[in-house]
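Note on naming: letters A, B, ... go to the chains in the order of the sequence lines (proteins, then strands), and numbering restarts at 1 for each one. Worth knowing before you read on, the calculation uses all heavy atoms, side chains too, and leaves out hydrogens, waters and symmetry mates.
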Amino acid sequence: MNAALPLLVAVPILGAALLTVLEGPRWLRRALLLTIGAGALAAGTCLVQLTRNGQVYAHDLGLWRDGVAIPFVVDAFSALMVTTTALLILVCSVFAVATGEADRRLFSPLVLVLSAGVYGALLTGDLFNLFVFVEVLLVPSYGLLTIAGTLRGVRGGRTYVTVSLLTSTTFLAGVALVYGVAGTVQLGELAGAAQESPLVASGMGVVLLALCVKAAVVPVHGWLTRSYTAPSPAVTALFSGLHTKVAIYAVYRLYAVVFDGDSSLLWVGVLVFSVTMLVGVLGAVGEKSTRSILVFHMISQIGYILLGVALFTELGLMAGIFYLVHNMVVKASLFLSTGAAEHTYGTGELDRLGGLARREPLLALAFLGAALSLAGLPPFSGFVAKLVLITAAFEDGRWMAAAVAVVVSLITLMSMLKIWDGVFWSKDPEDGEDHGPASGSEGAGAPGTVTAGAPAKPGVRPAVVLPALVLTAVSLGFGLGSQVLLDLSAQAAAHLVDTSTYVEAVTSR
Amino acid sequence: MNPVDIALVLVVASMATAAYRILTGPTRADQGAATDVVFFGFVGVVALLGMRLGAELVVDLVLACTLLGFVTALSLARLIAGGKR
Amino acid sequence: MTLPIAIGVLVTGAVYLILQRDMVRIILGFVLLGHSVNLLLLSAGGTFRRGRPLLETAPAEEAADPLPQAFVLTAIVITFSITIYMFTLAAASEDDDTEEAS
Amino acid sequence: MSTFLEVLGVVCAVAGALVFAVGTFGLLRLRDFYARLHGINMASGLGTALVLFGLLLQFPSWENALKVVLALLVQLATAAVGGNALARAGYLAGSRASPATRHDALGEAAGNGADGPGAT
Amino acid sequence: MTSFLRRGAGILWFPFFYGFQVVTSSARLGWDILTPGSASTPAFVEVPLRCRTDLEITAVANMVSLTAGTVTVAVRKDPPTLWVHGMYAKDDQGLRDHVHTMEDRLLGVTRAGGAPARRPVPGKGGAR
Amino acid sequence: MLLLLVVVLAVVTLAAPAVDRVLGRETGWPVAAVLALLTGLVLARGRQVLVEGQVLEAALPWMPAIGVGLHLRMDGLAWLFCVIVLGAGALVLVYSARYLPPGRQGGFYFLMGAFTLAMTGLVLADDIVLLYVFWELTTICSFALIGLPGPKAGRPAVRTFLLTTAGGLALLTAVMLLWVRTGTTRLSEILADTSWTQDPGFAVAVASLVVLAVLTKSAQFPFHYWLPDAMVASTPVSAYLHAAAMVKAGVYLAMRFSPAFGDLAVWNAALICFGLATAVIGAVFALQKDDLKELVAYSTISQLGFLVAVVGVGTPLALIAAAVHVLAHSLFKSALFMAVGILDHQAGAKEVSELSGLRRAMPVTTALSALAALSMAGVPPLLGFVSKEKLFEAFLEAPGPAWAGPVAGTVAVVAASLTFAYAFRFVYPVFTGRGPRTPGRDAPEEAPRLFLAAPVIASAGGLALGLAVPLLNPVAGAAASDAAHAGTEAHLALWHGLTPSLGMSVASLLLGAFLAWRTASGAVLAGRRLFPVQGTTVFERLYSGVTTAGERIGDLTRTDTPTRHLAAPIVLVVLLAVAVFTADLDYGVRPESVSHPQDWVLVALFTAAVAAAVLTRSRLAALALVGVAGFGTALWFLLLGALDLALTQLLVEILTVVIAVLVLRRLPREFHRVPRARRAVFAAVAVATGTAAGLGAYVFTGRRELSSVAEYFLSNAPEETGGTNVVNTILVDYRPMDTLGELTVLSVAGLIVTATLHSAGILGKWSTRLSVSMASPAWEADDNTVIMRTVTRWLLPLLVLWSVYLLLRGHSAPGGGFIAGLVGGAGFALVYLTAPSDSVTRIRLSYLATIASGVTVAVGAGLLGYVDGSFLRPLHTGLPVPWGEVHVTTALVFDAGIYLTVVGVLLTALNQLGLERPDRRFGEGADARERGRDASSSGGTP
Ligand code: NA
Ligand code: NA
């Protein structure tokens with residue numbers, strides 16, 4: 001079993017190579033993309049089954065000695081992440097297939113490589129290898145970002161690429177400092193090193209700083225708001241669920257293993273992440289299009305998720321992990337449902353949309369459920385996530401952070417209602433008018449429109465709604481049947497609080 | 001002083017001269033040509049360093065450097081001519 | 001002492017260029033930044049042993065740490081890949097100006 | 001023998017560096033782009049070739065000879081082809097020839113003798 | 001047989017001939033650079049060739065370029081012609097002769113019969 | 001039974017849309033029947049719960065990991081509310097089946113079902129988390145129901161939702177605080193063991209939060225405005241919202257928490273003050289309204305004010321009064337709302353000024369309205385009279401200073417008299433007078449029987465229960481017992497003798513009659529602004545304030561210029577460095593011998609090149625100087641013993657220059673001018689970062705011995721891998737996963753260059769206008785490239801040979817797939833550069849296929865490793881050849897994959913970037929559609 005772990009990386013890469021040269025038929029290309037996606041989901045589910053009781057599986061690549069080989073490790077946390085990311089990749093692929101975007105020649109290979117990078121980053125137990133896999137997931141993203149081919153995409157792409165490269169370089173510099181001090185980059189050997197040596201801690205500080213930039217923590221969040229509004233809805237949904245979340249995963253993992261949860265530094269995190277929650281949500285309320293509202297929200301939610309690691313109590317970590325999984329699902333659902341509207345009606349501007357609740361009841365249902373979940377309302381997963389997280393904050397005596405989290409959830413609802421009212425309830429501004437692209441208001445900075453030549457009242461096709469609906473259903477499932485995810489999160493958190501199982505699995509073999 | 005060191009100093013000084021031309025121009029063609037000199041200088045520096053350090057393996061490096069110079073010269077010519085072939 | 005100074009100089013130039021508005025300058029800044037991190041990686045292996053880790057021609061006792069060298073090779077390729085792409089982005093419009101017209 | 005080759009190698013290298021320096025010095029001294037190009041050509045052709053030859057003499061072996069000969073070939077190709085390419089590019093880009101230029105057959109061939117870059 | 005021998009001798013002698021050309025021209029240019037003032041009389045000169053193949057044209061053009069003081073600026077294949085920038089081209093014919101001498105030597109190496117005796121003059125090598 | 005209750009309601013809710021497909025608006029009947037059945041079921045348990053004092057309980061696990069369960073519990077209080085919720089629900093649904101227009105109403109019935117479920121769950125929940133869940137579910141349901149009618153309802157629904165959610169969050173905070181403090185989420189346990197109230201600060205905090213939740217949910221001043229705002233909802237929704245659901249949740253919560261907070265002065269004072277204030281204010285507003293629906297809505301606010309205040313009093317008597325009044329209010333309020341709906345439906349108007357003399361045409365409506373209004377006004381023998389009298393009696397017991405009771409009583413009497421006045425206004429001008437005067441219909445008719453059934457039942461219930469009020473003794477007693485004081489017994493009667501409360505009742509009726517006489521015409525108060533600001537205005541101001549703040553925050557990052565986005569992380573790095581270097585750490589000793597003299601030459605070279613590169617404004621010069629820095633880096637590699645790196649660095653340098661040149665030729669020659677101030681700032685940041693980096697390198701590196709893993713590589717690589725170039729063995733044997741990743745990155749770079757150019761389109765143009773005539777011999781590309789082409793043709797085979805040599809020897813000498821690929825790529829670069837035209841350069845090899853095959857070969861070599869047990873494990877074998885045996889390893893195959901990929905990517909970059917317009921044939925379908933957009937978007941860009 002252990003030796004099969006690298007297949008999660010190898011198979012998508014092979015598939016990408018195949019799809020690069022495979023010109024047709026279209027159904028075969030689609031089938032290949034979806035099959036690999038579904039395979040990864042199945043593999044992830046198996047991993048969850050295997051690790052849910054606390055087992056950790058590790059495999060030294062190439063069967064070299066520990067400390068020499070790159071280890072691939074899976075525990076409950078990484079298995080959970082693999083499964084969730086695989087689900088998102090599959091669902092977003094379905095959406096892309098439904099909207100026809102997947103038929104762009106290089107779309108599928110890029111998505112597959114992206115997924116390989118994600119799985120690699122989640123599974124590797126080596127700091128430098130983590131850097132490599134982060135690049136493997138980033139570089140296809142650059143292409144996916146600009147593949148839509150608008151000027152806005154190129155501009156957003158510039159910001160995204162440059163910030164990502166700066167961050168990756170910083171990350172690598174951190175790795176260099178760690179190797180310079182500790183003489184190893186293998187996580188097992190680095191276990192607890194930062195708590196013992198302030199020098200290792202400083203080096204890891206650089207690494208964590210880079211990860212925080214990748215996670216779009218305030219005040220280094222601006223790039224996200226600019227670049228995630230540029231690409232197509234499917235791509236934004238994919239990014240939202242993968243990129244920042246892999247960075248967050250790494251923060252959790254590295255802080256737990258290398259810092260051993262050192263509590264003397266946690267106040268910084270609590271402070272920063274509280275500010276992140278607040279700034280993100282305020283930014284969201286101020287925006288005027290579905291996508292930009294949701295993108296600002298991501299930042300706010302990232303604050304919530306990272307608050308879990310900043311608490312570093314068993315309950316806090318569990319809450320954070322629960323929140324992480326919940327947020328990945330729900331955020332993608334929101335991007336996909338608003339994206340479906342954007343795809344069909346050609347705009348995401350609130351004042352150019354309206355009345356969709358009546359015209360697209362399924363879409364409305366998918367959006368509303370996810371929106372309420374995001375705002376932390378029952379019976380959706382967001383409620384459980386918020387409940388446990390804020391309770392953990394109270395339990396840890398972090399009153400201010402808890403208060404901020406409560407207030408922010410109200411503003412979150414406010415911004416979600418802004419979309420709801422603007423897109424689904426308000427009067428359709430173009431009722432009775434021609435549904436072509438509005439004249440004049442479409443500046444160079446506006447997201448690309450696809451309405452040219454669209455029929456007057458197109459309507460969202462069921463296949464386009466389905467992905468968002470599925471994810472909202474998953475969120476509802478995680479709310480009503482939250483026990484499953486809570487148990488997994490608890491198991492994942494247990495390995496972060498006490499890393500000995502993880503470290504033993506990585507080092508002694 | 002080792003005679004090779006003298007040679008090194010000469011080459012490096014030449015590269016500095018070329019750098020001056022790169023910065024001052026006056027034409028793009030001058031800048032391009034001067035850039036080429038800098039890349040030729042690389043060949044010399046690597047070869048001389050190899051002699052100085054007794055590193056036989058720099059021969060490969062020298063070969064790479066000459067290739068560098070060739071490709072660079074042609075690219076720069078293209079650039080000077082504004083992309084005209 | 002020398003290598004840290006070189007790294008410092010490179011980073012200074014890199015950051016100055018990265019903060020400019022022209023995409024080409026930004027890219028060149030990143031090229032410099034890449035060099036500096038590569039040197040930092042090598043420096044992390046220790047610079048007191050400078051022998052080549054080629055065991056046919058040199059004794060292992062003097063050989064430099066080979067691991068950072070492998071890291072740097074990987075890093076060079078990755079930086080190069082992204083550099084190519086950034087140049088593409090710079091080319092994909094009339095000008096490489098990143099400043100918005102206000 | 002080896003010492004002789006080594007000394008010869010060093011002599012070659014120093015001579016090469018000298019030629020290189022003189023040619024490059026032309027960048028400062030010569031009047032127009034085309035003249036400066038001649039200086040560069042001298043540096044890259046004769047100068048670098050001598051240095052490379054010196055290197056070969058320093059480490060004489062068949063393998064090295066093969067590589068150095070290849071390097072020399074490339075280097076000479078660079079000097080010649082690069083010189084030609086740069087000269088033409090400069091001409092196309094309109095680099096002005098110095099007023100001392102006696103005659104521009106290229107401009108005449110184009111029928112616009114008065115307008116070509118080489119025109120006085 | 002004698003032509004074979006002559007060609008063999010030509011091949012052997014060729015590097016020394018060309019080396020001498022390179023060294024002397026370099027010395028002249030170097031002197032010009034290092035001494036104040038300049039004795040140059042630059043010109044762009046059209047040089048019709050007797051070469052036929054691309055390889056021959058290339059070889060001559062490169063020989064011209066590698067000799068200090070002359071550089072090939074432009075090439076035409078039909079009829080084979082070079083435009084050469086010379087630093088010390090007091091008159092066009094002198095530079096043409098210089099190039100043609102090198103061409104003679106080269107064709108002596110590449111062709112069994114050596115170079116044709118008649119050296120072409122610009123404008124008379126046939127229209128394009 | 002409790003589970004059955006919840007499950008049946010859930011099933012009804014889920015089934016409603018399906019039933020609706022068949023029955024349309026008639027769905028109300030079956031749903032109402034089920035609710036009636038459930039009401040009967042609850043009533044049947046009345047004896048058990050109320051008289052015998054049993055508590056029904058049920059539980060299902062929900063979130064055992066955090067100890068939260070689906071715990072349900074029915075005591076007297078829950079029973080009372082349960083009956084009200086289910087009974088009123090049944091009535092409203094019966095009414096809906098006639099009120100709603102014919103046709104599909106699935107959304108409505110679904111939401112009503114969910115609303116009922118949520119309210120039932122709320123009153124039954126014995127887990128504070130579950131309580132909160134149902135609490136919020138009622139909010140969500142009311143939000144959806146309010147917004148159902150259409151676009152105009154959106155804003156009020158949003159306002160309602162946000163305000164009540166804010167209150168809900170207060171409750172949630174209280175829930176979490178209690179949970180953290182008590183360690184349990186069981187409500188009964190928390191309330192039974194109130195040791196936590198001994199911590200005054202904590203108790204006050206939790207009590208305040210609960211008060212906040214109560215006030216918002218029950219529409220108490222100053223949060224009362226949402227309730228009239230929610231009037232945009234359809235009448236059945238309003239009826240249910242006001243009579244049984246939503247607002248009653250606040251009262252329930254207050255009663256439920258009475259045991260814990262009953263003795264807390266904050267609790268008493270806040271509830272009494274806000275409650276009575278609301279009672280008066282609501283009544284005044286009600287009296288002012290012309291629209292009957294608004295009048296009834298404000299009346300709800302007022303009546304709930306009474307309820308909240310009396311719960312705040314907290315005595316047994318007060319809680320009995322609360323219980324009875326909750327019931328009375330449900331009956332008369334639902335009847336009144338439904339009556340308004342009937343008037344609107346039958347007479348076409350619901351304004352007092354528009355309606356008159358309807359008693360003849362609509363006698364039943366008149367009767368039921370009158371009964372309900374009189375109950376509301378507190379006129380005997382209706383139930384409203386009994387409850388009102390109990391309220392007065394309770395207010396006299398108000399805790400606190402001695403004057404509290406009389407004052408509270410007086411205020412209550414005033415509010416009650418106002419109630420009388422507006423109740424009168426509801427009935428008198430509408431039903432009496434000179435005959436029908438209705439704008440909507442010519443001749444208003446009485447509503448059909450089925451339409452009238454529900455309000456008749458409700459108002460008749462008020463009369464019946466008033467007459468038989470002692471029947472309610474066990475109910476009120478049990479509810480009050482559970483609400484606070486165990487063993488409380490109620491003694492309800494129409495006649496208690498001459499008590500102070502009777503006097504107050506009489507006073508309120510007399511005063512009310514006077515007020516009614518003065519205000520019957522409606523002219524006295526109509527149109528006056530009673531308050532300087534309206535609640536909705538305050539809300540909207542707050543809302544736009546937050547929105548504006550958000551816009552400002554968004555503005556901070558609203559730029560596509562990378563500078564600002566890049567500066568932020570850089571500054572953070574510097575700050576981190578400052579923090580580290582000021583922390584006075586022990587760095588260890590740095591060995592002396594780390595620097596060599598020739599290093600300084602390189603430092604000088606770097607400094608000069610970097611300084612010049614930074615300063616020049618020429619693009620070409622900057623490129624060249626950065627190239628010099630790259631060369632310097634290669635020299636550093638050489639000096640540090642990294643020959644492979646030096647070679648790689650040089651080759652990468654070549655290709656970077658070539659590619660940069662391809663791009664630069666499209667761009668202006670010079671960089672933009674940068675203002676001096678900006679330069680200074682940039683320079684400061686740059687120097688700070690550079691210093692940090694240099695210090696970091698100095699402090700963190702070169703101070704330890706060779707790492708153990710390095711020792712391992714140096715001593716084991718040759719035996720384990722058969723290679724002596726240790727760096728290469730790391731790349732292809734020990735850590736091939738890094739290399740595979742790197743390879744993937746490189747190949748993807750090839751793909752995305754293609755993808756980006758093909759979708760964006762290079763808008764390139766020559767940046768240099770050539771001044772030479774096209775007739776010049778120098779112009780002709782085909783002829784003039786003959787030299788370079790010929791040379792390249794001869795050189796290329798040599799380069800390819802060299803590259804293969806480098807590939808093969810990589811394992812034991814500098815080289816390997818990457819370096820070899822770069823050499824091959826440089827060869828192709830030559831082919832590209834020397835071709836006479838762009839179309840000829842397109843090397844006929846499919847470059848994407850080359851990349852893909854390279855990746856496939858590399859991954860395939862990795863998969864071969866599974867033969868020996870692991871992905872990417874190199875296999876070794878001896879291959880017999882004539883002169884002996886050659887050592888072959890899959891690592892070489894892996895390296896060959898790298899070679900192919902590198903060549904493919906370089907081909908891609910050269911060909912794609914070299915073209916003026918990328919090859920449009922490449923993508924079909926979606927790309928074709930994009931083209932139109934590209935044209936328009938690029939056309940619109942200045
Ligand atoms: Na709208
Ligand atoms: Na020459």
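Separating the OG1 atom in F:Thr790 from the CD1 atom in E:Ile57 is a distance of 8.0 Å, to the nearest 0.5 Å. Note that CZ of F:Arg793 is 8.0 Å distant from OG1 of E:Thr58, once rounded to the nearest 0.5 Å. Rounding to the nearest 0.5 Å places CG of E:Asp78 at 11.5 Å from CG of F:Asp782. Atom NZ in E:Lys77 sits 7.5 Å away from atom OG1 in F:Thr785 (nearest 0.5 Å).
Between E:Ala74 and F:Ala778 the shortest heavy-atom distance is CB-CA, 3.7 Å. Smallest separation of non-hydrogen atoms from F:Ile787 and E:Ala61: CD1-CB, 3.4 Å.
Residues E:Leu55 and F:Trp794 meet the side-chain proximity criterion, which asks for heavy atoms closer than 4.5 Å.
Without hydrogens or angle criteria, E:Asp54 side chain to F:Val786 main chain gives no donor-acceptor distance under 3.5 Å.
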